[in-house]
Q: 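Sharing a structure below in structure tokens format, with a few things to ask.
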Amino acid sequence: MATGYRNQSPPEIDYPTGDGKPMSETELHMWVTMDLIQTLAHHFAGDPMVYVGGDLLVYYAEGFPNKRLSPDVFIVRGVPKRPPRDNFLIWEEGKGPDVVIEITSKSTRREDETTKRALYRDVLKTPEYFKFDPTEDYLRPAFQGARLRDGVYVPIEPVEGRLPSEQLGLHLERAGTSLRLYDPALGRWLATPSERAEAEAARAQSEAARAQSEAARADSAEAEASRLRLEIEELRRRLANGS
């Protein structure tokens, strides 16, 4: 009796959304990371083809869920920012990060300077790679950047104390334990989330004060109109009485 083989679909490969590691080494590292992600996301909010991510597992080899890494902050041009991702599969997206920023520390030094750097350079071919050590655990200077040239990362030279990013069109500069972003085209710093919140609170307070002032002026105008009406009525009464 003839027998045949059934066509069986290969088992679906699972690409986990987490690796069980903490998001950041310390609370400071977490806040620096979140500030950068939110500031960049706000800056590129109007461009639907710029994706800003961070602390997200990036898979770079289809079929191999162990071939992955998690950049602290990364930006990808030419891919839609929506919908939100649970992970980033490069073969589905069509490309990998254009810029990576690692908020490094002594405990992540080996991974950031060897494993990740080699993957960004040789596998993902990430055009720009920045490292920031907010507590100066080991990195001297504490903020460094490199640009891929002919398969080699070449240090980015500072411009007026800032490191220019060709991919972002922005300059990056260390400010104490923070990393700030500067727009050279507009000649101003990008507002951080806390600065935007403060500005919004100030605008709301100004609007409330203006509304209160306008209401007070309206009340004063109404009071004056009432006074004039009473005077007119009194004048008419006197004229009617011949006085």
Side-chain angles (χ1 to χ4, degrees), residues 22-56 70-77 79-85 88 97-105 108 112 127-137 139 141-147 156-214:
M23 176 180 173
S24 301
E25 295 304 305
T26 68
E27 187 173 326
L28 172 62
H29 288 74
M30 178 190 70
W31 284 117
V32 172
T33 300
M34 294 305 299
D35 271 3
L36 282 171
I37 292 172
Q38 292 178 45
T39 302
L40 285 164
H42 185 267
H43 179 66
F44 290 110
D47 191 335
M49 295 301 288
V50 176
Y51 178 78
V52 178
D55 197 44
L56 191 72
S70 179
D72 291 329
V73 183
F74 66 99
I75 301 89
V76 194
R77 288 186 171 276
V79 302
K81 59 166 41 76
R82 294 288 184 269
R85 278 79 164 167
F88 196 92
D98 292 300
V99 179
V100 163
I101 306 172
E102 294 290 358
I103 313 304
T104 189
S105 67
T108 63
D112 292 335
E128 292 179 341
Y129 176 46
F130 295 91
K131 290 183 297 181
F132 178 47
D133 179 3
T135 54
E136 297 185 273
D137 275 350
L139 199 61
F143 177 52
Q144 301 177 14
R147 189 172 291 126
I156 296 174
E157 294 298 324
V159 175
E160 298 181 356
R162 300 184 288 266
L163 298 187
S165 168
E166 293 177 351
Q167 298 294 320
L168 299 177
L170 300 171
H171 293 182
L172 296 85
E173 183 178 0
R174 179 194 178 193
T177 58
S178 300
L179 194 59
R180 297 299 305 266
L181 299 164
Y182 180 81
D183 188 338
L186 299 177
R188 68 187 185 196
W189 298 97
L190 301 190
T192 64
S194 61
E195 288 170 343
R196 291 199 304 276
E198 289 173 4
E200 185 60 33
R203 279 195 296 270
Q205 187 174 10
S206 177
E207 289 291 337
R210 183 163 54 249
Q212 187 175 11
S213 177
E214 290 175 356

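Counting from 1, the numbers follow the sequence of the chain as shown. We use all heavy atoms of the structure for the numbers below, so side chains are in, but hydrogens, waters and symmetry mates are not.
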Q: Provide the closest heavy-atom pair for H29 versus S105 in the form atom of the first, atom of the second, distance.
A: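 Shortest heavy-atom contact: NE2-CB, 3.5 Å.
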Q: Is there side-chain contact between I101 and L172, with at least one heavy-atom pair below 4.5 Å?
A: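 Yes, at least one pair of side-chain atoms sits under 4.5 Å.
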Q: For the residue pair H42 and T39, confirm or rule out a side-chain donor-acceptor distance under 3.5 Å.
A: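 No, T39 and H42 have no side-chain donor paired with an acceptor closer than 3.5 Å.
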Q: Would you find a donor on one side and an acceptor on the other, under 3.5 Å apart, between the side chain of E198 and the backbone of E195?
A: no
Q: Does R162 make a cation-pi contact with W189, if we ask for NZ or CZ under 6.0 Å from the ring centre and within 45° of the axis?
A: yes
Q: Is the ring pair F74/Y51 parallel, tilted or perpendicular, if the boundaries are 30 and 60 degrees?
A: tilted
Q: Quick one: closest heavy-atom pair of P127 and P97, and the distance?
A: CD-O, 3.6 Å
Q: Is there a side-chain contact between R174 and F132, using heavy atoms and a 4.5 Å cut-off?
A: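 SC-SC contact between R174 and F132 confirmed.
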Q: So, do L28 and M30 sit near enough that their side-chain heavy atoms are less than 4.5 Å apart?
A: no
Q: Measure the shortest side-chain to side-chain distance between W31 and T177 over non-hydrogen atoms and say whether it is less than 4.5 angstrom.
A: no
Q: Using 0.5 Å steps for rounding, measure from the CG atom of L179 to the CD1 atom of I103.
A: 6.0 Å
Q: Where is the tightest heavy-atom contact between E173 and G161, given as atom of each residue plus distance?
A: CG-O, 3.7 Å
Q: Should T104 and D137 count as side-chain neighbours, where that means a heavy-atom distance under 4.5 Å?
A: no
Q: Answer yes or no: is there a side-chain heavy-atom contact under 4.5 Å between V73 and T33?
A: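 Yes, side chains in contact.
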Q: Could R147 and E128 be called an ion pair, given the rule that one side-chain N must be under 4.0 Å from one carboxylate O?
A: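 Yes, R147 and E128 are salt-bridged.
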Q: Which atom names give the shortest non-hydrogen contact between K131 and F143, and what distance separates them?
A: O-CD1, 3.2 Å
